[in-house]
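Worksheet for the structure shown next.
Every value quoted in this text rests on a predicted model; they were computed, and no experiment measured them.
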Amino acid sequence: MVIVGLVVVAIVAVAGLYWFQPWKLWVDETVREELPAASPAAPASPAAPASPDGSEAPASPAAPAGPEVLATGTFISHEHATTGSVKILRLADGSRTLRIEDLDTSSGPDLRVWLTDAPVKEGRDGWHVFDDGEYVSLGKLKGNKGDQNYALPADADLNRLTSVSIWCDRFDVSFGAAELRKAAA
């Protein structure tokens, strides 16, 4: 009877460790990705202006334009203390990227980056709202600290998807979220 009891306790302990992964509370993973670079389309070069002696002056290469900022936001804390900012960028090739900068949150099991239509609410009221409506998972969180980039699907509608959540898929809770505000034109 004692051996059966010990086996049951061992199975419950292993299952609990797998499910909760408590060691992630003390392990940080820092990511430092650079701003994304898109392969720019070859710009049409205008005709070079003529120099005073009638010969053509060499054309100077056009400086590549930086990414266009479409929306920005700042994280608020939910289940875990979370700070940092987000930007949605349009790259030179027309693709869009979600950029997270200066992220600082807890690590956890099965953390995802979600683009959602849910309103960002302060406190416990905001912990569980992000899976109630429409959301697009941009993939696993690359690290709980630092700067990281996530490609947006071409069909993601930024008029409807107005917030970002660091979502714990295992426990269905937001670690932190940011409301996206459109950048001034």
Side-chain angles (χ1 to χ4, degrees), residues 1-36 71-89 95-158 160-180:
M1 194 68 143
V2 171
I3 292 176
V4 171
L6 289 174
V7 168
V8 168
V9 167
I11 290 172
V12 168
V14 168
L17 286 173
Y18 172 76
W19 188 254
F20 289 98
Q21 299 178 0
W23 58 89
K24 288 197 172 191
L25 293 173
W26 297 282
V27 176
D28 290 328
E29 188 169 347
T30 301
V31 175
R32 296 279 179 220
E33 290 184 331
E34 296 295 321
L35 272 171
T72 61
T74 302
F75 280 108
I76 64 166
S77 298
H78 282 146
E79 171 71 17
H80 292 265
T82 302
T83 59
S85 62
V86 296
K87 294 179 188 173
I88 294 185
L89 305 170
S95 65
R96 298 173 301 173
T97 297
L98 175 80
R99 173 134 174 105
I100 299 176
E101 295 180 331
D102 300 320
L103 178 65
D104 188 356
T105 191
S106 298
S107 189
D110 207 13
L111 293 182
R112 307 286 173 153
V113 178
W114 280 9
L115 187 60
T116 80
D117 66 350
V120 175
K121 298 178 181 178
E122 296 277 346
R124 291 184 64 93
D125 290 340
W127 287 17
H128 301 283
V129 300
F130 297 98
D131 61 348
D132 293 344
E134 181 181 353
Y135 65 89
V136 175
S137 178
L138 303 179
K140 286 189 173 269
L141 185 69
K142 297 174 184 177
N144 64 309
K145 295 185 181 298
D147 307 324
Q148 39 205 287
N149 305 307
Y150 297 87
L152 294 183
D155 62 349
D157 183 353
L158 299 181
R160 286 194 340 263
L161 301 170
T162 58
S163 62
V164 175
S165 174
I166 305 299
W167 184 258
C168 180
D169 216 20
R170 168 106 12 111
F171 295 106
D172 293 327
V173 66
S174 174
F175 274 33
E179 180 180 347
L180 293 171

With Asp169, which residues qualify under salt bridge (Lys or Arg N to Asp or Glu O under 4.0 Å), at least two apart?
-> none
Using the side-chain contact (heavy atoms from CB on, under 4.5 Å) rule, take Thr97 and Leu152 through it: C-alpha gap first, then chi angles, then the decisive distance, then the call.
-> CA-CA 5 Å; Thr97 297; Leu152 294 183; 5.9 Å; no
Evaluate the criterion side-chain contact (heavy atoms from CB on, under 4.5 Å) for residue pair Lys140 and Asp110; output intermediate values, then yes/no.
-> CA-CA 7 Å; Lys140 286 189 173 269; Asp110 207 13; 3.3 Å; yes
Between Ala81 and Ser77, what is the shortest heavy-atom contact and its length?
-> CA-OG, 3.3 Å
So, does Asn149 use its side chain to make a donor-acceptor pair with the main chain of Arg99 at under 3.5 Å?
-> no
Gly146 versus Arg32, closest heavy-atom pair with distance | CA-NH1, 3.3 Å
Please lay out, stage by stage, how Asp147 and Asp102 fare under the test side-chain contact (heavy atoms from CB on, under 4.5 Å).
-> CA-CA 6 Å; Asp147 307 324; Asp102 300 320; 3.9 Å; yes
Do Thr74 and Thr83 pass the side-chain contact (heavy atoms from CB on, under 4.5 Å) test, and can you show the C-alpha distance, the side-chain angles, and the key distance before you say yes or no?
-> CA-CA 7 Å; Thr74 302; Thr83 59; over 6 Å; no
Compile the donor-acceptor pairs under 3.5 Å between side chains in residues 119-127 and protein atoms, sequence neighbours left out, one pair per line.
{"from": "Trp127", "atom 1": "NE1", "to": "His78", "atom 2": "O", "distance (Å)": "3.4"}
{"from": "Trp127", "atom 1": "NE1", "to": "Gly123", "atom 2": "O", "distance (Å)": "3.4"}

Grab the two heavy atoms, one from Ala71 and one from Leu180, that are nearest each other, plus how far apart they are.
-> CB-CB, 4.2 Å
Heavy-atom pair with the smallest gap, counting every atom of Lys142 and Gln148 = N-OE1, 3.2 Å
Heavy-atom closest pair, residues Gly73 and Ala178 = C-CB, 4.2 Å
Can you find a heavy atom in the side chain of Tyr150 that is under 4.5 Å from one in the side chain of Leu115?
-> no
Check: Phe130 and Val173 side chains under 4.5 Å, non-hydrogen atoms = no
Heavy-atom pair with the smallest gap, counting every atom of Asn144 and Ser107 = ND2-N, 3.6 Å
Straight-line distance of Thr105 OG1 to Glu79 CD, nearest 0.5 Å | 10.0 Å
dist Phe75:CZ -> Ile166:CD1 (nearest 0.5 Å) comes out at 4.0 Å
If only atom types and distance count, is the side chain of Asp117 paired as donor or acceptor with the main-chain N or O of Leu161 below 3.5 Å?
-> no
Straight-line distance of Asp104 CG to Lys145 NZ, nearest 0.5 Å = 3.0 Å
Arg112 (side chain) donor-acceptor with Leu138 (main chain) under 3.5 angstrom = no
Tyr135 and Trp114: aromatic ring centres closer than 6.0 Å?
-> yes
Pairs where residues 127-138 contributes a residue and the test salt bridge (Lys or Arg N to Asp or Glu O under 4.0 Å) is met, not counting sequence neighbours = Glu134-Arg160
Just how far is it from atom OG of Ser163 to atom CD1 of Ile76, taken to the nearest 0.5 Å?
-> 10.0 Å
